[in-house]
Amino acid sequence: MDLSGLNPSQREAVETLNGPVLVLAGAGTGKTRVITYRMARLIRAGVPADRILSVTFTNKAAKEMLERTQGLIGKSLKKRPWISTFHSLCVKILREDITHLGYPERFTIVDRGDQESLARKVLRDIRVTEKSLRPGDLLSLISRWKSTGLSPERVADVAQDDKEFLGSMGYRRYQQSLKASGSVDFDDLLLLTEKLFDGFPDVLARHQERFSHVQIDEYQDTNGIQFRLIEALVRPHRNLCVVGDDDQSIYGWRGAEVKHILGFAHQFEGAKVVRLEENYRCTDRIIDIANRLVKHNRDRHNKVLRAHKAAKEEVRFVEFPDEQLEAEKVVGEIRFLHQKKGHPLRDFAILFRTNEQPRLFETELRRQQLPYVLMGSQSFYDRKEIKDLLCYLKVIWRLEDEQSLLRIINTPPRGISTSATQKLLDRAVRIGEPIWKVVDAAEAEGDITPKAAEAARRLHSQFRRWQREFDERPTQLDRLVQSLLEEIDYDRELERQYKEEEQQVARKATLEDYVNSIAEYIDRTSEPSLHDYLTTVVLERRDEGPDKEAMANADAVKLMTLHSAKGLEFPRVYMVGMEEGLLPHKRTVEGTEAEIAEERRLAYVGVTRAQESLTLTRAASRRKWGKPRPSPASRFLFEMRGSDD
DNA sequence: CTGATTGACGTTTTT
DNA sequence: CGTCAATCAG
């Protein structure tokens, strides 16, 4: 195997195959290369591919890594290495044994939207007004507790203030209703896997045997549970290689703890530590300001990136009177560079802190007729018709999934009114049976009309038939969905809902795209199934609506948050909105030093995305709720520029 | 039961 | 300035 393309440090990381290894890899130092070469090396050394596990941060990264590794090996592999995110890995583990924990074999994963409405309902149930605790706050509390492994029962003792106390009651109720409906949220995937490992040693042993070598990318972003899961998995052999950069830890708010990467050598005694400090991505000017910026953080591994590329352009700091002009001029410059200087559009990225910022840029890009992709927005799966269809699929997967059933029980209208639905639901909850089972009794006791009862029974038998069909022909998912749509005559429903012809056409086109995306899913999946599909849709970054994936590969300006830019690189980067209150964000300015440090790392991540050209812009005044307000320059700008502070 | 209008209210990041 | 939920009129 040819390792001549690697520098000595990279080679050392690749060739230390056994025992714990910590690779401290700065931005742009080739850490993904190290992991892929390492996997190829392991396979060449005779380790069966399917005993290698590599954990990535996103599913997209996993996909890329698999392709690259296969490229290195040259020939196609009979067995594939396991490359996936923590969450997808846990789904696979749970799928085999979740029944041990009292969950149904056919569990469903709730997505963000479901989670929010559940949180809202929980708060209503325990009579907490949104003023004292917002649904979003409840969810982030729950997520934080779950990521430290705290169960609802123990949380009340730990609550530190009123909000947390209310939150602890909410948590208990939230968890009860999730479990009662046989659903798990993102954090449960990890939490339940840990429970499984703790409570069932034989299950753990099975998985320990399954993997002989484990690698983790973006190690700085692992949280407590993830750390414990991995620690348990590698306990017998300790063949663990983690790769990360403490300066790029930007998920502290989600429970990620830098201490795992800072303390790795301590946790895993005898660990080999390799530093990668040769940066091949950015010009020296860019590395300069990145180093200067991050020096302001304490509590970090001391590394200094060395650039290998001389700059042709200076880093630019530009100020505009307001955010409108910021968008106009940035887009104008991109258009100029593209049309007059021949820079392809795919070279450009506009990075920002919040999801509200891109709006103006989108308008401007459209006005100046430049193709663009807004990454990370999940608008495609948020469309009503797609959601409806997904709910059909979820009910087909598990007939008892009432949350999903409620959404579509009368869409299209089939004579089951909201009041009848309510009656059925009440009864079902009261006696603890699925809705389907209480229809006859409800009819007999006059709760619902015979017509509604008949409709419900008909729907039930339809669902049972669909379930059979989907179970029997998993490889024809797309065609089954297509015929499902025809059977329920969803087209007519669209015509009913939307009066304008234009709307109807657009919505129908969306559905068509959607069916096509299922076909694509089948093509790229070795063992397609309804369950696998549903988890994929929920877990994968869904920015790749069918049209978007094409756009992303095509020539288009990319717009994304700093968070979603992690791990990517672009020749020409614009970091916009470099203002106090935006970056660092207002909420952290009022917070602790540690939170500011995380914002600084976020800025660092942004800066180090740029390969050739970096432009940092800010608006002197920014509109907030209609009124313009002065917006002071971000402190990070001074830190980057100032020779010393 | 649908559709339109009003009014309160809000600021982060995502697997 | 937008969004979204609650409210009201048809």
Give me the distances for all protein-to-nucleotides 1-5 of chain C N/O pairs that come in under 3.5 Å?
residue	atom	partner	partner atom	Å
dC1(C)	O4'	Gly626(A)	N	3.3
dG2(C)	O3'	Arg359(A)	NH2	3.2
dT3(C)	OP1	Arg359(A)	NH2	3.4

Report each atom pair, protein N/O against N/O of nucleotides 6-8 of chain B, whose distance is under 3.5 angstrom.
none

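Comparing dT12(B), dT15(B), dT14(B) by their nearest atom to the side chain of Ser564(A) picks out dT14(B). Listed nucleotides dT13(B), dT12(B), dT15(B) differ in distance to Trp253(A); the shortest reach to its side chain belongs to dT13(B).
Leu582(A) has its CG atom 10 Å from the C1' atom of dT12(B), to the nearest Å. The separation between Gln248(A) atom CD and dT14(B) atom P is 16 Å, rounded to whole Å. For Arg622(A) and dT11(B), the CZ to C1' distance is 12 Å, given to the nearest whole Å. Remark: P of dT13(B) and NE2 of His563(A) are 9 Å apart, rounded to the nearest angstrom. Straight-line distance from the CD1 atom of Ile142(A) to the C1' atom of dT15(B): 17 Å, rounded to whole Å. Atom-to-atom, CD1 of Ile250(A) to C1' of dT15(B) comes out at 13 Å; the value is rounded to the nearest Å. One can place CD of Glu356(A) at 13 Å from C1' of dT13(B), the figure rounded to the nearest angstrom. Atom-to-atom, CG of Leu562(A) to P of dT14(B) comes out at 10 Å; the value is rounded to the nearest Å.
Proximity of Asn355(A) to the phosphate of dT11(B): no side-chain N or O atom is located under 4.0 Å from OP1 or OP2. Between Thr561(A) and dT14(B) there is a side-chain N or O to OP1 or OP2 distance below 4.0 Å. A sub-4.0 Å separation between OP1 or OP2 of dT14(B) and a side-chain N or O of Arg254(A) is absent.
In terms of polar N and O atoms assigned as donor or acceptor, the side chain of Arg353(A) comes within less than 3.5 Å of the base of dT13(B) in a complementary pairing. Put simply, the side chain of His585(A) and the base of dT12(B) share no donor and acceptor less than 3.5 Å apart.
Partners of Glu385(A) under the salt bridge (charged side-chain N to carboxylate O under 4.0 Å, His left out) rule, at least two apart in sequence or in another chain, are Arg507(A). For Glu454(A), the salt bridge (charged side-chain N to carboxylate O under 4.0 Å, His left out) criterion is met by Arg457(A), not counting sequence neighbours. Asp198(A) pairs by the salt bridge (charged side-chain N to carboxylate O under 4.0 Å, His left out) definition with nothing, not counting sequence neighbours. For Arg254(A), the side-chain contact (heavy atoms from CB on, under 4.5 Å) criterion is met by Phe57(A), Tyr251(A), not counting sequence neighbours. Not counting sequence neighbours, Arg609(A) has no partner by the salt bridge (charged side-chain N to carboxylate O under 4.0 Å, His left out) test. For Glu67(A), the side chain to side chain donor-acceptor pair (under 3.5 Å) criterion is met by no residue, not counting sequence neighbours. Partners of Tyr171(A) by ring-ring contact (aromatic ring centres under 6.0 Å, His included), not counting sequence neighbours, listed by chain and number: Trp145(A).
A donor-acceptor contact closer than 3.5 angstrom is absent between the side chains of Gln248(A) and Tyr604(A). No donor-acceptor contact under 3.5 angstrom links the side chains of Gln324(A) and Glu326(A), judged on distance only.
Distance noted for atom P between dC4(C) and dT13(B): 14 Å (whole Å). Comparing dT11(B) with dA6(C), their C1' atoms sit 23 Å apart, to the nearest whole Å.
Paired with Met560(A) under the rule side-chain contact (heavy atoms from CB on, under 4.5 Å), one option of Leu568(A), Asn355(A), Leu374(A) passes, and it is Leu568(A).
Among the protein residues, Asp187(A) comes within range of no part of the nucleic acid, since none of its heavy atoms lies under 4.0 Å from any strand. When heavy atoms are screened at a 4.0 angstrom cut-off, Phe57(A) is found touching the sugar-phosphate backbone but no base atom.
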